Amino acid sequence: MDNINVRFAPSPTGYLHVGGLRTALYNYLFAKQNNGNLILRIEDTDQSRKVDGAISNLVESLNKCGIIFDKGPERYDKNDLFIQSNRLHLYHDAVELLLDDGYAYICLDDNFQKYRDKIFSKEELVNKEYHVRLKIPNNELSFDDDIRGKINFDLSLINDPVILKTDGFPTYHLANVVDDHDMHISHVIRGEEWLPSTPIHVLLYQYFNWELPVFIHLPLLLNPDKSKLSKRQGHVAVDDFLNDGYLADALINFIALLGWNPKTNDELFSIDQLINQFNINNVQKAGAVFDIDKLNWMNAQYLKNTEVSQLLPIAKKIFINNNFIIKDESDLVSIVEFGKSRCNTIKDIVQLANPFFQDLTYNPDYLSLLADSKSKAIYLILIEKIEGLQLVSESDIKLIISDIGNKMNLKGKDLFFPIRLAIWGDVHGPDIGLIIKILEKEKSLERLHRALNYGK
RNA sequence: GGCCCGUUCGUCUAGUGGUUAGGACUCAGGGUUUUCAUCUCUGCAACAGGAGUUCGAUUCUCCUACGGGCUACCA
C-alpha cells in the first residue's frame, strides 16, 4: 500500500471515552509508523445527539495524551478536522448515484418492502417526507478482517438499512463509506462493535465500485464483569483520569497494552517507543478488562520516575482544584517529592498531604502512646528546643531528635512514633524534619502542646 | 430469539504438536529502609468441556458450553 491514511471518527456526544482513546491511539501509532496520515473526522449526522463544545473537548483530550492529527490529503488542507454535517452534498450525490443504479430506493413510510421496486419522480416527492434505503440482496457476503480473518454473512438476514434520513442527513453507514473513500482511507481501524455492520459497508463499496479499505476491528475494552466498558464503577472519561492525577503518558502506556503487547517482558513504553514497537497484527482478538489496579501500578511507576519539576505544574493544578492553598512552592516540591514514591496518583498525594493543611485527628489505635509518660517527656524537650530556634530547618530537627534519642536511650520506632503521632496524627508518614519544616515553628509547637496536654 | 466475534492464572498477557506452560498486576510471606513507601526475594494461581486427527494435543478440526457485540430514520 503506498499511501497510508487512517482516521478516528467519533461522534461529538460529549467527553472522550478511554475506549475511544485506545482506538485513536492504535490509529495514531499505525499512521506514524507507516508515514501515514491520521485524520480526525467528526460524525455528527445525528443532530439530536450533538453536544456543544464536544469537538474541542475531544481534540483537547486527545492532544493532552499526545495524539495529534495530521492534515488530510492535500485538497483538504484547509481543515485539520472534517465535520460530516458540512459535507452533506457529498452524501446526497452518492444517494443519487445509488438511486440511479437501482441500488437504493425511496420510502414514504416505514413499511419499506412495498417501496422496494418503486421509482418516484421529482414531482411526486414535492412536499413529501421521505427517506432512502439501501437494497440488500439475498446472497452471502464475506470480507477480510486483518486480525480475524475471513468473515461470512448471510445478507438475507439483514433488513434494508436507511442510508438517508427524513431530515436529509445520511446515516452512519453511508456517510462513513463515502468519507472513507473520499478521504482515501486505506485502513479502517475501529471497535469491534462495528463488525456486524461491515457487510453493509462492503456492499456499498461494491455498489459504488470503489476499492475496499483494509478492515481491522479492535477488541472491546471491558468492565470487570466483562460487559462493554461503561460508566458504572469508576470513570471512563479521559479527562476524569487526568484530573485525578493520572499522567497522560501512563494512561497511554496502559491502554496500549490492553489488547497489544510487544512479546517481551517490557511494559513501560513512551509513545515514541510505542510507535516503534507497535504491531497492529499482534492485536488480541478477545476483549480486555480495564483493570484499574494495573493502571494504578503503572501510574505509580511514572510518578516515581518523573522529576518533581515536571510534575509540579500538574500537581499545582490538582492541589488547587482540591482547595489546598500553597503558601510556599518549595513546600509543594517537598510534598510531591515525598508523595511520588508512595502514591498511585497525584490526587492520592493530595490525600496524603492532608495533615499539613487540616486539623489533626489522631489515629485511634495509638491514643495510649500519646498519653504515655515517656512520650510526654519527649514532647517537653522538643518544645523547649524548638522554641529556642529562630527558624526551623530539617537538619536542626534531625539533630535535636537524635540528641533526644541519645539522652533518653531511645531509637527507631520508640523514638519516632510518639513524635510523628503528635505532629502528624499517625505513626507513619513523612520524615519528621520535613513535617516540622513545612508546618513551621508556630504550628509545630501548637501540635506538640496539644499532644503534651492530651489526656490531662 | 437471530447473526457475528471471542475463550491460557482473579486481571493484562507470552508460548509450543512433546515446556517444570513464562512475565506483569493483585494477594500472601521474607529481606533492605532508625516510620511508611520505594527497592528486592519467595509463594499462591491458568490452557472452558467433549469428541476427533496424531505415537503424542493447551497448540490442528468439529461440536457443546460460557462470555460479549450487533440486531434504530444512534454512531
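Numbered from 1 within each chain, the chains take letters A, B, ... in sequence-line order. Predicted, not measured: the structure shown is a model, and the values here were computed from it.
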Under 3.5 Å, which protein N or O atoms sit close to an N or O of nucleotides 38-42 of chain B? Give each pair with its distance.
unit_1, atom_1, unit_2, atom_2, d
U38(B), O3', Lys304(A), NZ, 3.0
C39(B), OP1, Lys304(A), NZ, 2.2

Interface polar pairs with nucleotides 11-13 of chain B, N/O, under 3.5 angstrom:
unit_1, atom_1, unit_2, atom_2, d
U11(B), OP1, Lys226(A), NZ, 3.3
C12(B), OP1, Val289(A), N, 2.9
C12(B), O2', Leu257(A), O, 3.1
U13(B), OP1, Gly259(A), N, 2.6
U13(B), O3', Asn261(A), ND2, 2.6
U13(B), O3', Gln284(A), NE2, 3.2

Indicate every side-chain donor-acceptor pair of residues 275-285 of chain A with a distance under 3.5 Å to a residue at least two apart or in another chain.
unit_1, atom_1, unit_2, atom_2, d
Asn279(A), OD1, Asn281(A), N, 2.8

Please tabulate, one pair per line, all N/O donor-acceptor pairs under 3.5 Å involving side-chain atoms of residues 364-371 of chain A, not counting sequence neighbours.
none

Show which side-chain atoms of residues 9-16 of chain A pair as donor or acceptor with protein atoms under 3.5 Å away, not counting sequence neighbours.
none

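In terms of the salt bridge (Lys or Arg N to Asp or Glu O under 4.0 Å) criterion, residue partners of Lys135(A) (sequence neighbours excluded) are, by chain and number, Asp117(A). Every residue two or more places apart in sequence or in another chain that forms a side-chain contact (heavy atoms from CB on, under 4.5 Å) with Asn322(A) is listed here: Ile318(A), Phe324(A), Lys347(A), Val350(A). His92(A) is linked by a side-chain contact (heavy atoms from CB on, under 4.5 Å) to Leu88(A), Leu164(A), counting only residues two or more places apart in sequence or in another chain. With sequence neighbours left out, the side-chain contact (heavy atoms from CB on, under 4.5 Å) criterion links Asp109(A) to Asn111(A), Lys114(A), Tyr115(A). Judged as a side-chain contact (heavy atoms from CB on, under 4.5 Å), and not counting sequence neighbours, the contacts of Asn57(A) are Asp239(A). The salt bridge (Lys or Arg N to Asp or Glu O under 4.0 Å) test applied to Lys50(A) returns Asp44(A), not counting sequence neighbours.
The ring of Tyr302(A) has its center no closer than 6.0 angstrom to the ring center of Trp297(A).
Atom C1' of nucleotide U33(B) and atom CZ of Arg420(A) are separated by 12 Å, given to the nearest angstrom. Atom P of nucleotide C5(B) and atom CG of Asp154(A) are separated by 13 Å, given to the nearest angstrom. Rounded to whole Å, the distance from CG on Asn296(A) to P on C27(B) is 11 Å. For Leu221(A) and G6(B), the CG to P distance is 18 Å, given to the nearest whole Å.
Across every strand in view, C70(B) sits in a pair with G2(B) that passes the Watson-Crick or G-U test at under 3.5 angstrom. In this structure, U35(B) forms no base pair with any nucleotide, since neither Watson-Crick nor G-U wobble geometry is met with both distances under 3.5 Å. With a cut-off of 3.5 Å on both pairing distances, the Watson-Crick or G-U wobble partner of U7(B) is A65(B). For C60(B), the paired base is G52(B) (Watson-Crick or G-U wobble, both distances below 3.5 Å). A 3.5 Å limit on both hydrogen-bonding distances identifies C27(B) as the Watson-Crick or G-U partner of G43(B).
When distances run from any side-chain atom of Lys263(A) to the nucleotides C73(B), C5(B), G15(B), the shortest one goes to G15(B). You'll find that the side chain of Arg49(A) is closest to A75(B), out of A75(B), C73(B), C5(B). In the set A75(B), C70(B), G2(B), C70(B) carries the atom at the smallest distance from any side-chain atom of Lys228(A).
Counting non-hydrogen atoms under 4.0 angstrom, Tyr172(A) reaches a base of the nucleic acid. Across all strands shown, Thr171(A) has heavy atoms under 4.0 Å from sugar-phosphate atoms exclusively, and none from any base. Ile163(A) comes within 4.0 angstrom of nothing in the nucleic acid, heavy atoms only.
When each of Ile151(A), Asp144(A), Asp146(A), Val188(A) is paired with Phe215(A), the side-chain contact (heavy atoms from CB on, under 4.5 Å) condition holds for Val188(A) and for no other.
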Walk me through whether Ser230(A) and His17(A) qualify under side-chain hydrogen bond (donor to acceptor under 3.5 Å, both in side chains). CA-CA 9 Å; Ser230(A) 65; His17(A) 188 278; over 6 Å; no
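Each of Leu157(A) and Trp194(A) was matched to the nucleotide of RNA chain B holding its nearest heavy atom; the match closer to the 5' end belongs to Leu157(A). For the pair Glu193(A) and Phe153(A), nearest-nucleotide mapping onto RNA chain B gives the more 5' position to Phe153(A).
Contact annotation: Thr45(A) side-chain N/O to A75(B) OP1/OP2 distance is under 4.0 Å.
Residues of residues 124-135 of chain A that place a heavy atom closer than 4.0 Å to RNA chain B, in numerical order, are His131(A), Arg133(A).
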